[in-house]
Structures are given as C-alpha cells and as structure tokens.
Protein chains: 2
Amino acid sequence: MADSSNGPATPSPRKRADARRNEQTLLEVAAAAFIACGVDAPVRDIAAKAGVGVGTIYRHFPTRADLVVAVYRHQVEACVEAGPTLLASNDSPHTALTRWIDLFVDFLVTKHGLAEALQSDDATFVTLHAYFIDRLTPVCADLLAAAAGAGEIRADIGAFELMFAVGNLCIGANKDPRYDARRVVALLLAGLRLD
Amino acid sequence: MADSSNGPATPSPRKRADARRNEQTLLEVAAAAFIACGVDAPVRDIAAKAGVGVGTIYRHFPTRADLVVAVYRHQVEACVEAGPTLLASNDSPHTALTRWIDLFVDFLVTKHGLAEALQSDDATFVTLHAYFIDRLTPVCADLLAAAAGAGEIRADIGAFELMFAVGNLCIGANKDPRYDARRVVALLLAGLRLD
DNA sequence: GAACATACGGAACCGTGTTCCGATTAGCAA
DNA sequence: TTGCTAATCGGAACACGGTTCCGTATGTTC
C-alpha cells in the first residue's frame, strides 16, 4: 500500500516539471517547518514559505500523514534496515534490541510532535500510525524473537505492544528536563529481562 | 492555588442561586460528555445539552482544564488518599506502589482522552497537567521512597518521571486490543525492581 | 417594587483545515 | 513560433471549533 497509493513517493516522470519542482520544494519547506513548529505546522504557513497555494499542498499530499511520511520516509527506512544489521553485529540479541530501540527513540525524540501525532486520535494521522507500525513492527518482532530465543527476555510481549509503548514514552520528551524518555525506555527494557 | 483561584470548587454562598444551579448542571453534563466524546467534547455541545449559552460555560470554567479538573477532582483526591492507606496496609512498599499505580492507570484508562489531554501541547491543558502533577507526585514520591528505603527498587527514578511515564503509557489504551497499558506499566515497574 | 449587581445567551470573531474552480502554464504538435 | 490541450496552480470560500463581548434577563436587597 505504501507505494501504490501515494504518487509523491515515486517522482514519476509522467508528471509535469513544475509539479515535480513544487513537490520537492514542499518537502524541503515542510521538513523545516516540522523542525520549527512540529508536525502540526499550519498548512498555510508551509504553503506561504514554499511560495505556492494551499491547493498545491493538498494535491501533492492529500493528508497531513502523506506529507509527514514523505518527509521522514528515509529515516524510517534507515531504522528498518538497522534492525538486521544490529542483530548480525551484536553477540547478544538483547543488546541489539536495546540499540535498535535507542535508534527509534532518538528518531522520535528529535522530531518535535511526531510521537504525539502517532497517537493523535485525529483521523488524519491514522495513516501515519499505520505506516510506522507496518514498517517497524516486523523488524522489532525479529529482534524480540531473537532475544527471547536466546533466553534473554520474557516472551510474553508482542512487537506491536512494545513499539506502541516506546512511542508513547517519547511523547513530551523535550517538555520537562525531569523526564528523560531514553532512561524510562531503558527501564522498560530492563523489565523485559529474564535473569 | 487550587482553591483560591477557581470559585467552582467552593460553592460560595455569595453566588446567585441560578449560577450555582448552572454550575452543577454543567458538571453533570460535562461528565457525561467526557464519557461520550472524551475531554475534547465541543463546548457548544456541552452548552446545548446543559441548556445554557457558551458564555455561561466560560464564566464558570474559564479554561477547559478548569472544567476537567472540576469533573475529576473527587477521583484524583481519592487517589491521593489511597497512597498512605496502601502503604500502611501492605507489608511490601513495592506492592503498595504497584497497587497505587494500578489505581492511577485504571483511572486514566477509563477516562477517554484524559491521558492524551495531560500531554497535549495545547496551552489550555498545562493547568490540567500541573494539577495532576501537584496532587499526585508527592504521593508517588512517598511510595517510591518507602520502596527504595526497603531496598526493593532502584533509587534512580524520580516520582515526576514515573508519573509522567505511566501517564504516557495510558495514552491510546483503548485504541487497539493488542496494547494493554496495565501490562506495560507492570513491565516498567518490574524494571524498577532490584532483587 | 425599585434599584442594583450578577449572571445569562448567543451573535460575532478568529484561526485552521479542506474543498473547489477559474486562471495559468508546461508540453507538444503543426 | 504559434496555438492547443490537459495538467497544474492559487487562493477565495466554506466548515468547524474555541473564545470574546455586550445587551438583556434575573436574582437579591432594601
């Protein structure tokens, strides 16, 4: 579903040159706006900064989720690919799991408002949630299975549940210095250990 | 600050009779609306169901947080009082802590949208967050200190951080059957254990 | 029952997301 | 180069929810 539904991902050569240019500009401007205002950056602001009308945004990215996914796709895919790599390069699957979760947490924590958006009940964001789950849950499942197989962790937690929990723990990560998402996530992973 | 700032808490006899009546009606209607639509229930809806104008709501509860706090005050206070009680009635402080957190999780999970609101970056809700933290953090701190003192848990987590984390884990608790906030919170508490 | 303060209602305003259509322009063929 | 056509654009207009404000209504007091 990822690539078949939304054209924006694959800059098909059938598109007009100005359309491709606008799409590119929008991606850059949106990335900047997300850093500045979070993923809820007003549509009009993004349009204005990109020098286009709001209609142009909606034509390229029908929902906000489409835009967010387009902006962060590279980083999510990098995270997907890091899973097997970490598993191969670490003796302990639990270490690999921890490192991978760290990667994910780093990603979420540095993207202002992303973790919040992932849990927003706004219908616009269900696609976003689905994308993250679709891509990352299988990777997490492999890491979990490896760690459980090695007898390092209990086997009674699902990949979905873990991803969901970690995502939640990243919400508001930069709001108060007394809260450190990384530390709490580490605690959760510690709770998973068997020995 | 809790009682000095917002009249709604103390039904001062200086208020007009119709005002007190409206306030009561609003509390009841709001409670029902929160169950039906979550704490984001449209102001106009609540006003309409209560048979008053929107202005009346804003006069009694200037911010949404005021209304939410008024609706849930009793339950929050019950949670506050449960802390010392549990500590007294359980041999193991860790058990008391676990039970108390369970209470808190139950409260959040059954209040549609409350956990989300607690972390909303909407300025309207910072007061709500502050109220919960003000009331519950000290209780949690006592439980943590007792458990740490008994050597049952590590001492390197603050009450604020734990409350924050638990609150976060309750977000979206009823959204997907694969995610069980209670189970994940239990895992987090397990990660705290020393044994 | 008159005068006053208090409280009420809801119209109006504002900021955002979203839709829609007339104007514009890239791409192409003659 | 010029003219045609379809793809694309821009932004006005609409929808919706929160918030403010003030003329009106009503409880309260004397």
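For clarity, every value in this text was computed on a predicted model and none was experimentally measured. Protein chains get the first letters and strands the later ones, always in sequence-line order, with residue 1 at the start of each.
Computed from coordinates, the B/Phe61 CZ to C/dA7 P distance equals 13 Å when rounded to whole Å. If you take OH of B/Tyr58 and C1' of C/dA11, they are 15 Å apart, rounded to a whole angstrom. Per the geometry, CG belonging to B/Asp45 stands 15 Å off P belonging to C/dG10, to the nearest Å. What separates CD1 of B/Ile57 from C1' of C/dA11 is a distance of 16 Å, to the nearest Å. Spacing between atom CG of B/Leu67 and atom C1' of D/dG18 amounts to 14 Å, rounded to whole angstrom units.
A parallel orientation is assigned to the rings of A/Phe104 and A/Trp100, their planes being inclined by less than 30° (bins at 30° and 60°). B/Tyr72 and B/Phe34 have tilted rings, their planes meeting at an angle from 30° to 60° on a 0 to 90° scale.
Between B/Arg64 and B/Ala17, the one whose closest nucleotide on DNA chain D sits nearer the 5' end is B/Arg64. Residue B/Thr124 is the one, among B/Thr124 and B/Arg21, whose nearest nucleotide of DNA chain D lies closer to the 5' end (criterion: closest heavy atom).
Within a 6.0 Å sphere centred on CG of A/Asp91, other residues, nucleotides and ligands contribute 12 heavy atoms or fewer. Counted within 6.0 Å of NE2 on B/His112, heavy atoms from surrounding residues, nucleotides or ligands total 12 or fewer; the atom is thus considered open.
Side-chain atoms of B/Asn22 and B/Thr25 form no donor-acceptor pair, as typed in the model, at a separation below 3.5 Å.
With A/Ile153 as reference, A/Leu144 is the one residue of A/Leu144, A/Leu194, A/Leu143 to meet the side chain to side chain contact (heavy atoms under 4.5 Å, CB included) rule.
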Nucleic acid footprint by protein, nucleotides 5-12 of chain D - heavy-atom cut-off 4.0 Å, B for base, S for sugar-phosphate alone
-BBSBBBB
